[in-house]
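Structure record follows, encoded as structure tokens.
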Number of protein chains: 2
Amino acid sequence: MVNMSNLVDRIERHIKKILQDTPQGYVVIQRSGLASQFECAPSQINYVLGTRFTVEQGYLVESRRGGGGYLRIVKLGIETPDYLDDFIAQLDAGEMTQNAAEGLIKRLAEEGLLSKREAMLVRTVVDRETLSLQVPERDRLRARLMAAVLRTLAREDF
Amino acid sequence: MVNMSNLVDRIERHIKKILQDTPQGYVVIQRSGLASQFECAPSQINYVLGTRFTVEQGYLVESRRGGGGYLRIVKLGIETPDYLDDFIAQLDAGEMTQNAAEGLIKRLAEEGLLSKREAMLVRTVVDRETLSLQVPERDRLRARLMAAVLRTLAREDF
DNA sequence: GATATTAAGGTCAGAGAAGGTCAGGGTGGT
DNA sequence: ACCACCCTGACCTTCTCTGACCTTAATATC
């Protein structure tokens with residue numbers, strides 16, 4: 001139990017914390033500042049953003065380089081209906097990795113669209129092991145399954 | 001019988017001990033830590049988990065690799081009855097038509113094992129349209145999906 | 001106004017830190 | 001002697017973290 005929490009988790013928690021404490025729904029910070037606060041390489045911040053603040057998980061990261069550069073991390077709200085339709089259509093036509101699906105499920109759970117139990121159900125259903133197909137097919141099927149889940153959640157009649 | 005203190009037995013007892021002493025019903029440990037505690041090869045831990053902490057025996061093991069990796073051993077609340085294990089095994093090896101799946105889902109819902117919403121989710125997920133594969137594969141996949149659902153319902157740790 | 005400097009952030013390969021798998025040898029009981 | 005169980009070591013996969021190098025923007029200098 002040495003590493004009760006590694007860097008990536010601590011930084012993730014920190015960002016989510018200030019994101020919660022802020023009313024606007026976004027944070028603006030400096031990469032270098034955050035890095036020195038956690039005494040790590042600046043690129044570690046990019047790693048955190050790339051793995052924990054993805055679009056699937058409901059975040060948007062904007063940035064600016066150069067003098068006065070910054071990172072702006074936005075927490076996206078529950079999808080607007082039209083955005084959702086587009087997203088479902090994309091899924092139906094495309095693929096989704098297990099990681100991406102897990103991010104999305106996590107987000108749906110966080111936003112209260114899926115209960116813990118429901119999230120668990122969906123998670124096992126789209127699991128690699130369960131699907132047991134080879135890769136292009138598996139990711140396509142997973143995408144369709146997630147699309148079906150979203151479509152069901154979008155129904156309001158039960 | 002002589003050797004009641006095999007490594008495997010000692011490690012098993014140790015894990016069960018801390019599992020009992022903990023109120024949450026699960027333990028989080030590091031494989032490497034446990035291995036050095038018992039002065040054995042790390043893979044021995046996997047052997048213990050694979051032989052003594054299986055789903056049939058009422059345990060669930062989740063893990064994470066990489067830096068900050070861990071093992072999470074969960075004691076399931078209710079041991080799954082044998083007939084359910086058999087049924088799940090059959091499903092995993094066999095096929096299930098959409099009709100059969102709908103019948104099963106309906107029954108699960110009637111017995112209160114699935115909420116209305118959950119039933120709806122599962123129903124869309126195993127739907128012909130969603131799966132969109134040709135028939136022998138589709139029915140096999142549906143069987144695996146239903147097996148995954150049943151296995152999740154048997155968990156009581158969330 | 002053009003150019004140089006400085007101050008950001010971005011990318012990617014590779015090292016490091018876990019856990020997973022499997023073949024194969026050991027051991028004890030019958 | 002055989003069989004089932006135990007245990008290890010070599011090799012694999014996944015996740016994390018850093019450092020070297022690159023791009024972009026603001027500002028200072030000429």
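Lettering follows sequence order; numbering is per chain, from 1.
Shown here for B:Ala35 and B:Pro42, the closest heavy-atom pair between the two residues is CB-CA, 3.6 Å. Residues B:Thr124 and B:Thr130 come closest through the heavy atom pair O-OG1, 2.7 Å. Across every non-hydrogen atom of A:Met146 and A:Val126, the tightest pair is SD-CG1, 3.9 Å.
When the side chain to side chain donor-acceptor pair (under 3.5 Å) test is applied to A:Glu56, the partners found at least two apart in sequence or on another chain are A:Thr54. Considering only residues two or more places apart in sequence or on other chains, B:Glu129 meets the side chain to side chain contact (heavy atoms under 4.5 Å, CB included) condition with B:Asp127.
Rounded to whole Å, the distance from CG on B:Leu7 to C1' on C:dG28 is 16 Å. For A:Arg31 and C:dG9, the CZ to C1' distance is 5 Å, given to the nearest whole Å. C:dG20 atom C1' lies 15 Å from atom CD of B:Gln30, rounded to whole Å. Following rounding to the nearest Å, A:Glu12 (CD) and D:dC15 (C1') show an atom-to-atom distance of 14 Å. Spacing between atom CG of A:Asn99 and atom P of D:dT14 amounts to 10 Å, rounded to whole angstrom units. When the C1' atom of D:dC15 is taken as reference, atom CD of A:Gln98 falls 14 Å away, rounded to whole Å. The CG-C1' distance, from B:Leu49 to D:dC7, rounds to 15 Å in whole Å. C:dG10 atom C1' lies 10 Å from atom CG of A:Leu71, rounded to whole Å.
At a threshold of 4.0 Å, the pair B:Glu118-A:Arg117 counts as salt-bridged, since one of the basic side-chain nitrogens sits closer than that to a carboxylate oxygen. With salt bridges taken as basic N to acidic carboxylate O contacts below 4.0 Å, none links B:Asp9 and B:Arg13.
Relative to the ring axis of A:Tyr26, A:Arg72 places its NZ or CZ within 45° and under 6.0 Å from the centre. Under the 6.0 Å distance and 45° angle rule, B:Lys75 counts as a cation-pi partner of B:Tyr59.
Under the 4.5 Å side-chain contact rule for hydrophobic residues, B:Val122 and A:Leu141 share a cluster.
B:Gly69 comes within 4.0 angstrom of the backbone, heavy atoms only, and of no base.
Of the side-chain N and O atoms in B:Arg52, one or more sit less than 4.0 angstrom from OP1 or OP2 of D:dC6. Phosphate proximity of C:dG19 to B:Ser32: present, with a side-chain N or O under 4.0 Å from OP1 or OP2. Note on B:Arg64: a side-chain N or O is less than 4.0 Å away from OP1 or OP2 of D:dT16.
Toward the 5′ end of DNA chain D lies the nearest nucleotide of A:Val8, the other residue of the pair A:Gly67 and A:Val8 mapping further downstream.
The side-chain heavy atoms of A:Leu121 and B:Val149, taken from C-beta on, include a pair separated by under 4.5 Å. Within the 4.5 Å cutoff, side-chain heavy atoms of A:Glu110 are placed close to those of A:Lys16. At least one side-chain heavy atom of B:Arg151 sits under 4.5 Å from a side-chain heavy atom of B:Asp92. Within the 4.5 Å cutoff, the side chain of A:Ser132 has heavy atoms near those of the B:Arg144 side chain.
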Identify the pairs formed between an N or O of the protein and an N or O of nucleotides 11-13 of chain D at a distance under 3.5 Å, and give each distance.
{"from": "D:dT13", "atom 1": "O4'", "to": "B:Arg65", "atom 2": "NH1", "distance (Å)": "3.2"}
{"from": "D:dT13", "atom 1": "O2", "to": "B:Arg65", "atom 2": "NH1", "distance (Å)": "2.5"}

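Looking at residues 55-63 of chain A, you'll see that no heavy atom sits under 4.0 Å from any atom of DNA chain D. Within residues 125-135 of chain A, no residue has any heavy atom under 4.0 Å from DNA chain D. Interface residues of residues 34-48 of chain B facing DNA chain C, ordered by number: B:Ser43, B:Asn46; criterion, heavy-atom separation under 4.0 Å.
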